[in-house]
Structures are given as C-alpha cells and as structure tokens.
Amino acid sequence: MRVVRRVFGETGIKQDVAIYGENEATQLAFNVQGLSADWPNALYTILLQRKDDQPYIAAINLTPDPSGFVVYTLNTADTSYIGDIFAEVQARQNDRLIKSWTYAFAIAGSLEDPSPDPPQPDPPSWVNEILEAAHETKEDADRSETAASISEGARDEAREHEE
C-alpha cells in the first residue's frame with residue numbers, strides 16, 4: 001500500500017488531504033524544525049477536532065523525525081472524518097506548553113463505500129511466475145496420474161484376457 005505524506009508548513013491554509021476509506025494511507029507531517037532547534041527536548045501532542053466539534057488527543061509524546069517533522073498517520077475509515085478537520089500541534093517541555101499551531105484540512109467523501117478490509121498489495125511479477133509454474137506443475141502431475149491410472153487399468157484388463 002502506498003503512504004502519502006502531507007506536509008503542513010503554514011497555518012491558516014486548508015488542505016484536502018485524503019478520501020474517506022483510505023485508512024492509514026495518509027501521514028500528516030507538521031514542520032517543527034524552528035522550534036525543535038530552540039527546544040530540543042520538547043515533546044509534541046496532536047489534537048484533532050472533527051466536524052462534531054469534539055476535540056481529542058490523537059497522538060501524545062511524539063518526537064520529530066530527523067528532518068524536523070512530527071508525523072501522524074491518519075485513520076479515515078470512520079465516516080465522522082468526512083469534511084473539515086482541525087489539528088492543533090502542541091509543543092511541551094516539562095509539562096509546560098511552549099507553543100502551539102493550528103491547521104485546517106479536509107477529508108473528501110468517496111464515491112462508494114470502501115471495503116472494510118484494506119486492499120492487499122499486488123505481488124511482484126516473479127511471484128506470479130512462480131504461482132503459474134506451480135499451477136502448470138500440478139496440471140502435469142494430474143495428467144501423469146491420469147495416464148498412470150489408464151495404463152494400470154489397461155494392464156489389468158490385459159491380464160484378465162490372458163487368464
């Protein structure tokens with residue numbers, strides 16, 4: 001499965017980030033490079049507020065990746081995610097709020113209801129070649145078994161005529 005990373009650098013600009021049902025296929029990456037230089041021990045919390053106006057903690061005690069981004073994998077399997085969503089990224093050190101940023105994004109509705117199970121990735125072409133060869137080998141074995149059975153039946157019939 002592909003994972004799409006959506007990078008947030010500026011606040012105040014709403015971005016369309018995913019489609020309903022693309023469960024855990026979208027990563028939200030929040031740029032905290034400037035703050036992490038000044039506060040290297042800061043931990044980050046991500047709060048999300050869906051259309052039902054109930055903010056909740058989506059992730060807590062995150063540390064930036066080596067490139068200076070805090071990353072959260074978005075779950076869009078729930079229909080309550082469709083529409084506008086607001087995110088707040090809070091930087092905290094020693095249980096003290098240092099800074100926070102707010103972002104707006106949207107999850108689009110899909111044209112059909114997504115499957116409850118995530119799709120399986122397509123296997124590499126060499127896997128298909130091996131599966132085809134195994135299928136051909138089984139067909140050859142079945143033909144050999146049929147030929148052996150016919151041969152054995154003919155042999156038994158020939159013995160009966162000799163007696």
Measure the CD-CD1 distance between Gln90 and Ile60 for me, rounded to the nearest 0.5 Å. 9.0 Å

In Å and rounded to the nearest 0.5 Å, what is the CD1 to OH distance from Ile98 to Tyr44? 7.0 Å

If you count heavy atoms of other groups shown closer than 6.0 angstrom to CG of Asp38, is the number above 12? yes

Which heavy-atom pair separates Ala87 from Leu48 by the least distance, and what is that distance? CB-CD2, 3.6 Å

Do Glu132 and His135 pass the side-chain contact (heavy atoms from CB on, under 4.5 Å) test, and can you show the C-alpha distance, the side-chain angles, and the key distance before you say yes or no? CA-CA 5 Å; Glu132 287 174 18; His135 181 73; 5.6 Å; no

For a side chain to side chain contact (heavy atoms under 4.5 Å, CB included) with Phe69, tell me which candidate from Val32, Leu62, Asn31 qualifies. Asn31

Exceeds 12 heavy-atom contacts within 6.0 angstrom, atom CD of Glu139: yes

Enclosure of Arg143 CZ (heavy-atom neighbours >12, cutoff 6.0 Å): yes

For the atom pair OH (Tyr103) and CZ (Phe30), what is the distance rounded to the nearest 0.5 Å? 6.5 Å

Exercise: identify the closest heavy-atom pair between Leu43 and Thr63: CD2-CG2, 3.6 Å

Restricting to non-hydrogen atoms, name the atom on Gln93 and the atom on Ala42 that form the minimum distance, rounded to 0.1 Å. OE1-N, 3.4 Å

Polar side-chain atom of Ser151 near backbone of Ala147 as donor-acceptor pair, under 3.5 Å: no

Okay, side chain of Thr137, backbone of Ala133: is any donor-acceptor separation there less than 3.5 Å? yes

Other residues, nucleotides, ligands: >12 heavy atoms within 6.0 Å of Ile57 CD1: no

Under 4.5 Å between side-chain heavy atoms, hopping through other hydrophobics if needed: is there a path connecting Ile46 to Trp39? yes

